[in-house]
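The structure under discussion appears below in the form of structure tokens.
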Amino acid sequence: VIGELQYRMIRKSRLFTPGPTPLLPAAQFAMAAADLHHRTPEFRALFARVVKQLQEFIGTQNEMLLLTSSGTGAMEAAVANLTSPGDPVLVLSAGKFGERWASLANTFGCKVATVSAPYGSTFDLDQIRNQLTGDVRVLFMQATESSTGVRHDVAKVAELLRQADTLLVVDAITGLGTTTLDVDKLAIDIIIGGSQKAVMVPPGLAYCAVSQRAWQRMESSRQPRYYFDLQRERKAAATPEGSFTPATALVVALGAALDFLAAQGSGSVAEGRCRLIANAETCAAMTRAAAGAMGLELFARSSPAAALTAIKSPQGMDSGEVVKAIKTEFGAVIANGQGEMKGSLFRIAHLGYFDYMDTLAIIGALEHVLASLGCDVELGHGVTAAQREYASRKAKAVTA
Ligand SMILES: *Cc1c(COP(=O)(O)O)cnc(C)c1O
């Protein structure tokens, strides 16, 4: 025990998971004072302001809805409001969240066709084109697949849908704030985000932007829906309120987080979002460089997301051991693989409230942990590669 006491440091709890992500302190403080009734002028004013800021954050003219649920609630709402039983729909699936679209659409009795890609890869556009028969009513996809760390090319898929009567629904729950998406130009009919991802507040709110075409489709869609009836939510939002009791404290927190983004972006939420995306890109590039220098293999090689980096566990090592050791020795939480990927990879998040310091620290911790688990890792190689990546991005930006 004495030996251990000589090196053991205090442990701060830190999340490096792709949701929930670290909380913005200003959002936490705001939440603590949130003793508001939801049917009051004060709350209505806040609700209206947050919805407006979210619209800027997404970068759309489409109407925004704020739902009290986790992100999956908004995914279910998209299926329940846009389809009818028996509708042919197409799901692009390359991971656990793509699979979630397929099971949701099956649950609602849609005729589900799937274009899949192996875990760690993105889709072949020709395969999508071949599946896009004229009768496909909705295409469901992720912007970034959080289970594998892959970014999908939403713009290319959107191009395939030009002129078609197929609606495009994008789960951008880890895509928003990590990927540039011109929602209106790409004609994304419903784009979905969640509070516990890039917007730095606790889980419990989902938000989505709904196109004119999507509202029209809802007139004729015949699925049972109650809590997630988006047309009713739209009417309430016009007052401006939620239909039921919203998670008021989270709305307050979200307002504070969007104010923070505006402050980061010289007063503009849209500019704050650009900074947030660049921030995630830099953290991700540093992490990928470090992995390479440490002799680790990336799980998503050809199309890595900025939201998170998935790294393969060294040969013969269960990734659960890495996750556990980082928690025990340093108090930090990284994510194991999900489902069939459990044990073979670990995931480090970059979306939201992460910075240079956080990124270097987790890389340094990873080096220690891998070395003590018996991997052939030279301390400092990963950290140095990450620093060089930062320096080279900085130099490029300065000369540009
Ligand atoms: C986190 C996440 C979700 C939603 O998960 P919830 O637990 O319902 O909030 C959906 N899709 C992706 C890509 C995610 O990262």
Side-chain angles (χ1 to χ4, degrees), residues 15-23 54 58 65-80 91-105 107 116-117 119-123 139-154 157 168-179 181 188 190-209 227-228 246-247 250 253-254 276-277 280 284 299-300 303-310 333-339 341 345-354:
L15 293 182
F16 283 90
T17 43
T21 62
L23 301 178
L54 274 177
I58 295 188
L65 296 177
L66 190 52
L67 304 170
T68 292
S69 74
S70 83
T72 307
M75 294 172 72
E76 173 159 340
V79 175
V91 169
L92 310 189
S93 174
K96 300 324 284 177
F97 293 102
E99 288 160 24
R100 187 168 298 179
W101 273 135
S103 37
L104 270 167
T107 301
S116 33
Y119 293 164
S121 305
T122 190
F123 309 105
L139 184 151
F140 296 99
M141 71 179 297
Q142 269 66 40
T144 51
E145 173 54 72
S146 319
S147 68
T148 64
V150 166
R151 175 184 278 157
H152 297 313
D153 197 336
V154 176
V157 173
L168 174 58
V169 175
V170 179
D171 160 6
I173 295 176
T174 52
L176 287 165
T178 66
T179 299
L181 292 164
I188 299 173
I190 295 190
I191 184 163
I192 300 167
S195 57
Q196 81 276 36
K197 309 286 171 131
V199 288
M200 306 170 279
V201 302
L205 291 177
Y207 53 95
C208 58
Y227 186 76
F228 290 121
L250 293 177
L254 186 52
L276 195 62
I277 294 174
F299 188 71
S303 182
L308 71 150
T309 301
V333 185
I334 62 171
N336 201 333
Q338 287 171 263
M341 291 168 276
L345 61 88
F346 53 88
R347 295 171 295 150
I348 297 173
H350 320 297
L351 73 170
Y353 199 51
F354 292 105

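Hydrogens, waters and symmetry mates are skipped; everything else that's a heavy atom, side chains included, is used. Whatever order the structure lists ligands and atoms in, that order sets their numbers, starting from 1. The structure presented is a predicted model; accordingly, all values stated were derived computationally and were not measured.
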With atoms numbered from 1 as shown, which atoms in ligand 1 lie under 4.0 angstrom from a non-hydrogen atom of [X]?
X    : result
T144 : 13 (C)
S146 : 12 (C), 13 (C), 14 (C), 15 (O)
T72  : 4 (C), 5 (O), 6 (P), 8 (O)

Subject >> Under 3.5 Å: N/O of D171 near N/O of ligand 1 >> reply: yes

Original post:
Are any of the N or O atoms of G71 closer than 3.5 Å to those of ligand 1?
Top reply: yes

Tell me if a side-chain donor or acceptor on [X] pairs with a main-chain N or O of [Y] at a distance below 3.5 Å.
X    : Y    : answer
T68  : A247 : yes
W101 : M141 : yes
S93  : S116 : no

Original post:
Is E145 near ligand 1, meaning one of its heavy atoms is under 4.0 Å from it?
Top reply: no

Could you tell me if the side chain of [Y] sits less than 4.5 Å from the side chain of [X], heavy atoms only?
X    : Y    : value
P20  : P203 : yes
I191 : L176 : yes
F299 : R347 : no

Protein residue, atom and distance nearest to [atom], heavy-atom basis:
atom                   : result
atom 2 (C) of ligand 1 : K197 NZ, 2.7 Å
atom 9 (O) of ligand 1 : Q196 NE2, 2.7 Å
atom 6 (P) of ligand 1 : S70 OG, 3.4 Å

Original post:
Which of these, R100, K96, M75, E76, has its nearest heavy atom closest to atom 5 (O) of ligand 1?
Top reply: R100

Original post:
Will you find, in the side chains of H350 and T178, an N or O donor that is under 3.5 Å from an N or O acceptor?
Top reply: no

